[in-house]
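Worksheet: one structure, shown below.
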Amino acid sequence: MCGIVGIIGNNHVASTIYECLTILQHRGQDAAGMATDDKGKLELVKNNGLVSDVFSVQTAQKLKGHAGIGHVRYPTAGSSNLEESQPFYVNSPFGIALAHNGNLHNADQLKEELFREDRRHINTHSDSEVLLNVFAHELQNASGLKVTPEAIFHAVKRVHSRCKGAYANVLIIPGYGIVAFRDPNGIRPLVYGVKKNPEGNEYMVASESIALDLQEFELIDDVAPGEAIIITQDRQLLKQQCAGQTQLSPCVFEYVYFARPDSMIDDVSVYKARLRMGEKLAERILERWPNHDIDVVIPIPESSRVSAIPLAYRLGVKFREGFIKNRYIGRTFIMPGQEQRIKSVRRKLNAVPLEFKGKNVLLIDDSIVRGTTSQQIIQMARQAGASKVYFASAAPPVRYPNVYGIDMPVADELIAHNRTEDEICQKLGADGLIYQTLEDLEAACREGNKEIDRFDSSCFSNEYVTGVEAEYFEKLGIKRSDSAKQKNA
């Protein structure tokens, strides 16, 4: 999972892109990068680290231009290699830089095709570089000596026909403008908006609407599945559907965990979706434990808080903040390696004993993936004096890997894989465990937009919207296992 942004503005855009990347920092903490177009010359700065670490006054002076793209990276293959930070750049044709969010599950096949047939060399293990070269090759074949909208739309159509997986992209072509497009299933989010100005309209494309909101851009729409958007330097906004068959299948985990609650994704309020998750989970608890002895509901900061509020209200018990979060520690779910995640939980959270001592507490988290964090939090609650510790998940059991850009590891590292709910409860060390049903989760999200065809819920259901070959999961296990991450760290 990554965060991307692209802007065509009236002034130098580097500072605005910096602010947007900071807003999108929750989508990736591994690396950050930016490319700007300064009178037809592309300037590029990227490095490992947070946005505030990568960019400085010196880099800001280098990044000039009225058009630019930015990226925050979250690795999914166990590597924090600087070479794989984005944006990626290719010089032929015209010089193109790309920022990509998602994952291709046929990248190895494409890499071989690019070398043997297209005569293009891929220099990293990143599927993003593969996608950029596919686009660049198809644009070169279609454009001749000049970039045209027709050539760009044709190139995007060819990307759709060749690339399998999830992708939301923004590209910059020096001297021409920016291009954004989304895969035919619309798995990863992408929105665009405008800031109207007498000097000329300014445009932004971003992973989440919150980036537009905080820069006072008006949200126009989501980029539709299969759609491509072109924003030229002279502020023409062009768009075209570039895929023959499309279906809106957004990743349901965006609503569960990744996106900020104040964002809109595919016309669904993430905040309201999480409220509905809490309401539906409360109904399930009342159905299963009608005579529950829960004294207090305590959320695991931050993303479960919104769901916990209506849950407590419906159960008729107190809602309390029982854990204080150190805001300067990264999100443990997206940290590479089990050992690093274990150390980070204790550094990130501290219990408030007054809220636990002598009480039967219900802890609620957005999801349970490996279970390591949940185990430690339950231990912390007991050490703080809780009489009983129940645990609730706003999402169903995560039993299968995610292949569309979320670092959910090999199945064997998922606590719910091949375990019953009682077995998971015992392994976590809880007095009771309850999960949201997949039906209720999808209903909570779909209520905001009835036109959503289906969700990508593959990590819960094992149903992959693009169809994935079995051998890919074997390769995925080699790349994403914790042992691989330790080796590549």
Side chain to side chain, R370 and I415, heavy atoms closer than 4.5 Å: no

G28 backbone acceptor or donor facing Q25 side chain under 3.5 Å: yes

Residue that, paired with T59, satisfies side chain to side chain contact (heavy atoms under 4.5 Å, CB included) out of V54, N47, V45: V45

With sequence neighbours excluded, residues passing side chain to side chain donor-acceptor pair (under 3.5 Å) with N91: none

F473 and V403, any side-chain heavy atoms less than 4.5 Å apart: yes

Pair D213 + R260: basic N to acidic O under 4.0 Å: no

Qualifying ring pair (Phe, Tyr, Trp, His ring centres under 6.0 Å) pairs with a residue from residues 185-238, counting only residues at least two apart or across chains: none

Heavy-atom side-chain proximity of F455 to L441 below 4.5 angstrom: no

Residue pairs, two or more places apart or on separate chains, that pass ring pair (Phe, Tyr, Trp, His ring centres under 6.0 Å) and touch residues 148-172: H160-Y167

E439 and R446 ion-paired at < 4.0 Å: no

salt_bridge(K111, E129) N-O dist < 4.0 Å: no

Plane angle bin for H121 and F115 - parallel if under 30°, tilted between 30 and 60°, otherwise perpendicular: perpendicular

Short N-O contact, R162 and D118, less than 4.0 angstrom: yes

Ion pair check, E84 and R73, cut-off under 4.0 Å: yes

